[in-house]
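Please read the structure below before turning to the comments.
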Amino acid sequence: MIRVGIAGVGFMGMIHYLSYQKLKDAKVVALCEQNEKRLTGDWRDIKGNFGPSGEMMDLSGVKTYTRLEEMLADDAVDVVDITLPPSLHADIAVDALAQGKHVFTEKPMAMTVGDCDRMVDAAKKANRQLLVGHVLPYFPEYAWALRTIRSGQYGKLVGGSFRRVISDPMWLSNYWFADQVGGPMLDLHIHDAHFIRLAFGMPTSVVTRGSMKNGLAKNWHSLFNFEDASYAVHATSGTIDQQGRGFNHGFEIHLEKATMLFEFAVIGGEGRYLCEPTLLDAEGNATPAKLSGGDPMDGFEAELREVATCIGENRPSDILGCDLARDAIVLCHKQSESLAKGEPVGI
């Protein structure tokens with residue numbers, strides 16, 4: 001049984017807390033939050049864009065802290081789960097690792113590659129696990145795609161096109177600040193950057209074109225190059241100013257003997273498939289994928305089960321590993337560099 005201390009009781013902290021309740025081999029034993037009202041179990045003001053709304057929680061048996069250093073010094077905590085703003089991830093992770101804790105932090109891993117390197121070095125020095133919450137591969141459509149790719153049933157990868165676009169989240173006052181959230185590149189596209197790295201390996205260069213806001217990428221298209229010149233990999237991401245389509249994501253992934261299709265959007269406040277997950281095979285068939293679940297909470301449960309298993313068995317994760325997460329940060333910054341310079345950039 002791994003004992004978890006959650007740093008930050010906001011929306012994502014609540015999602016993690018609820019997900020841990022479903023696991024047999026992990027238990028939340030501590031919470032750290034400066035909002036003392038939430039430490040009483042009153043989470044009714046917590047809201048997000050999926051999952052349940054906050055409610056009164058019974059925190060009996062859970063230690064509560066307002067000072068992070070006190071939770072880090074608690075010998076009853078094995079793992080620190082960081083669900084605080086991205087700009088805080090690196091320093092807290094390094095401090096937790098120095099205290100002998102394993103660390104699971106939400107994405108993005110950090111704001112800069114240098115901070116990612118500090119985190120990786122701290123994990124190696126402490127001989128502790130550092131895992132990063134890239135939940136996308138645990139969502140049904142992406143889990144199906146990854147299973148199909150890894151099975152080899154339809155031959156090797158040839159390429160893919162990935163899409164992730166939202167309406168400008170105007171309710172977030174710090175969204176367009178490079179040192180706090182990093183705009184849609186680090187908040188949004190980081191999901192697809194990680195999946196591209198996971199499926200295809202690390203690109204060798206990228207060329208990105210699009211628009212910018214406050215010095216950050218706003219809406220863009222990127223073409224990635226790889227050592228394997230047969231790969232053709234493209235991504236579209238960013239924000240639009242019109243609020244009528246709040247969210248849109250999908251992919252078209254090409255294998256030697258099949259193509260996988262999927263697109264989902266929230267239009268006018270209603271979510272629906274624009275293209276349900278479908279496999280096109282060499283015989284001309286278009287077969288809908290048989291997926292279980294669909295509730296985003298299921299993805300977080302699967303993700304945290306992997307965290308508990310990896311730490312409990314002292315083995316690495318081939319999805320949540322910190323090296324993959326660091327590479328995703330590299331890919332995001334290289335795309336931003338290419339967009340700003342107006343020319344291809346080596347990776």
Side-chain angles (χ1 to χ4, degrees), residues 1-43 45-46 54-107 109-110 115-116 118-133 300-301 303-317 320-322 325:
M1 173 72 68
I2 66 165
R3 301 167 298 177
V4 180
I6 298 178
V9 186
F11 172 65
M12 196 53 64
M14 181 184 75
I15 295 300
H16 285 203
Y17 178 85
L18 294 174
S19 298
Y20 281 120
Q21 309 309 305
K22 302 174 183 178
L23 304 182
K24 295 180 180 179
D25 49 359
K27 180 181 180 181
V28 177
V29 298
L31 298 171
C32 183
E33 168 61 45
Q34 292 184 338
N35 184 334
E36 295 189 29
K37 175 183 174 182
R38 293 183 181 174
L39 294 182
T40 68
D42 188 350
W43 294 2
D45 63 336
I46 299 178
E55 58 185 41
M56 292 297 299
M57 295 289 183
D58 180 3
L59 299 182
S60 299
V62 178
K63 297 179 183 179
T64 57
Y65 298 94
T66 56
R67 294 172 58 84
L68 186 61
E69 56 266 33
E70 293 179 355
M71 188 176 81
L72 297 187
D74 188 342
D75 291 335
V77 174
D78 302 314
V79 184
V80 175
D81 182 323
I82 304 171
T83 57
L84 290 163
S87 59
L88 302 177
H89 290 181
D91 286 343
I92 294 173
V94 169
D95 288 347
L97 290 161
Q99 290 283 351
K101 313 299 186 187
H102 300 284
V103 169
F104 173 65
T105 183
E106 259 300 329
K107 66 84 190 168
M109 182 175 175
D115 277 342
C116 292
R118 284 201 297 128
M119 296 163 74
V120 172
D121 289 344
K124 291 178 180 178
K125 183 177 180 180
N127 193 27
R128 291 294 184 267
Q129 294 238 31
L130 170 61
L131 302 171
V132 183
F300 285 95
E301 180 184 344
E303 176 192 51
L304 293 180
R305 182 175 292 109
E306 170 77 352
V307 171
T309 300
C310 287
I311 292 174
E313 297 179 356
N314 192 28
R315 67 165 176 81
S317 172
L320 303 177
C322 58

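Residue numbers count from 1 along this sequence. The structure displayed is predicted, hence computed values, not measured ones. As a basis for the values below, the full set of heavy atoms in this structure was taken, side chains included, without hydrogen atoms, waters or symmetry mates.
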Of the non-hydrogen atoms in Cys310 and Pro316, which two are nearest, and what is the gap between them? SG-O, 3.7 Å
State the CG-OG1 distance between Leu304 and Thr309, to the nearest 0.5 angstrom. 10.5 Å
If I compare all heavy atoms of Gln34 with all of Thr66, which pair ends up nearest, and what's the gap? CG-O, 4.0 Å
Could you tell me whether the side chain of His89 reaches within less than 4.5 Å of the side chain of Asp115, counting heavy atoms only? no
Using residues 2-18 as the side-chain source, report each donor-acceptor pair under 3.5 Å to any protein atom, sequence neighbours left out, with the distance given to one decimal.
{"unit_1": "Arg3", "atom_1": "NE", "unit_2": "Ala76", "atom_2": "O", "d": "3.1"}
{"unit_1": "Arg3", "atom_1": "NE", "unit_2": "Asp78", "atom_2": "OD2", "d": "3.0"}
{"unit_1": "Arg3", "atom_1": "NH2", "unit_2": "Asp75", "atom_2": "O", "d": "3.4"}
{"unit_1": "Arg3", "atom_1": "NH2", "unit_2": "Asp78", "atom_2": "OD1", "d": "3.0"}
{"unit_1": "His16", "atom_1": "ND1", "unit_2": "Asp81", "atom_2": "OD1", "d": "2.9"}
{"unit_1": "His16", "atom_1": "ND1", "unit_2": "Asp81", "atom_2": "OD2", "d": "2.8"}
{"unit_1": "His16", "atom_1": "NE2", "unit_2": "Glu106", "atom_2": "OE2", "d": "2.9"}

Would you give the length of the straight line joining atom OG1 of Thr105 to atom CD1 of Ile92, rounded to the nearest 0.5 angstrom? 8.0 Å
When rounded to the nearest 0.5 angstrom, what distance separates NZ in Lys63 from CG in Asp74? 3.5 Å
Got a sec, which residues hit salt bridge (Lys or Arg N to Asp or Glu O under 4.0 Å) with Glu70, two or more places apart in sequence or on another chain? Arg67
So CD of Glu33 and OG1 of Thr83: to nearest 0.5 Å the spacing works out to 8.5 Å
Using a distance-only test with no angle check, is there a side-chain donor-acceptor pair under 3.5 angstrom linking Thr40 and Asp42? no
I'd like to know if Arg118 pairs up with Asp91 as an ion pair, taking the criterion as any Lys NZ or Arg NE/NH1/NH2 lying under 4.0 Å from an Asp or Glu carboxylate oxygen. yes
When you look at Leu31 and Leu39, which way does the side chain to side chain contact (heavy atoms under 4.5 Å, CB included) test go after all the steps? CA-CA 8 Å; Leu31 298 171; Leu39 294 182; 4.3 Å; yes
Identify the two heavy atoms, one from Cys322 and one from Val132, that lie closest to each other, and give their separation to 0.1 Å. CA-CG2, 4.2 Å
Find out whether Glu303 and Phe104 are in side-chain contact, i.e. whether some heavy atom of one side chain is under 4.5 Å from a heavy atom of the other. yes
If I take atom NZ from residue Lys124 and atom CG from residue Leu97, how far apart are they, to the nearest 0.5 angstrom? 12.5 Å
Scanning both residues in full, the closest heavy-atom pair of Lys24 with Met1 reads O-CE, 3.0 Å
For Ala325 and Met109 the tightest heavy-atom approach is CB-SD, 3.8 Å
Can you tell me if CD on Glu69 sees more than 12 non-hydrogen neighbours from other groups inside 6.0 Å? yes
Give the C-alpha distance, both sets of side-chain angles, the deciding distance and a yes or no for salt bridge (Lys or Arg N to Asp or Glu O under 4.0 Å) between Asp45 and Arg38. CA-CA 9 Å; Asp45 63 336; Arg38 293 183 181 174; 3.2 Å; yes
Is there a side chain to side chain contact (heavy atoms under 4.5 Å, CB included) between Tyr65 and Leu72 once you walk through the steps? CA-CA 10 Å; Tyr65 298 94; Leu72 297 187; over 6 Å; no
Side-chain heavy-atom pair Glu313, Asp25 within 4.5 angstrom cut-off: no
For Asp58 against Ser60, the heavy-atom pair lying closest together: OD1-OG, 2.5 Å
Indicate yes or no: at least one non-hydrogen side-chain atom of Lys101 is less than 4.5 angstrom from one of Asp95. no
Mark yes or no for whether Gln129, through its side chain, and Gly321, through its backbone, hold a donor-acceptor pair below 3.5 Å. no
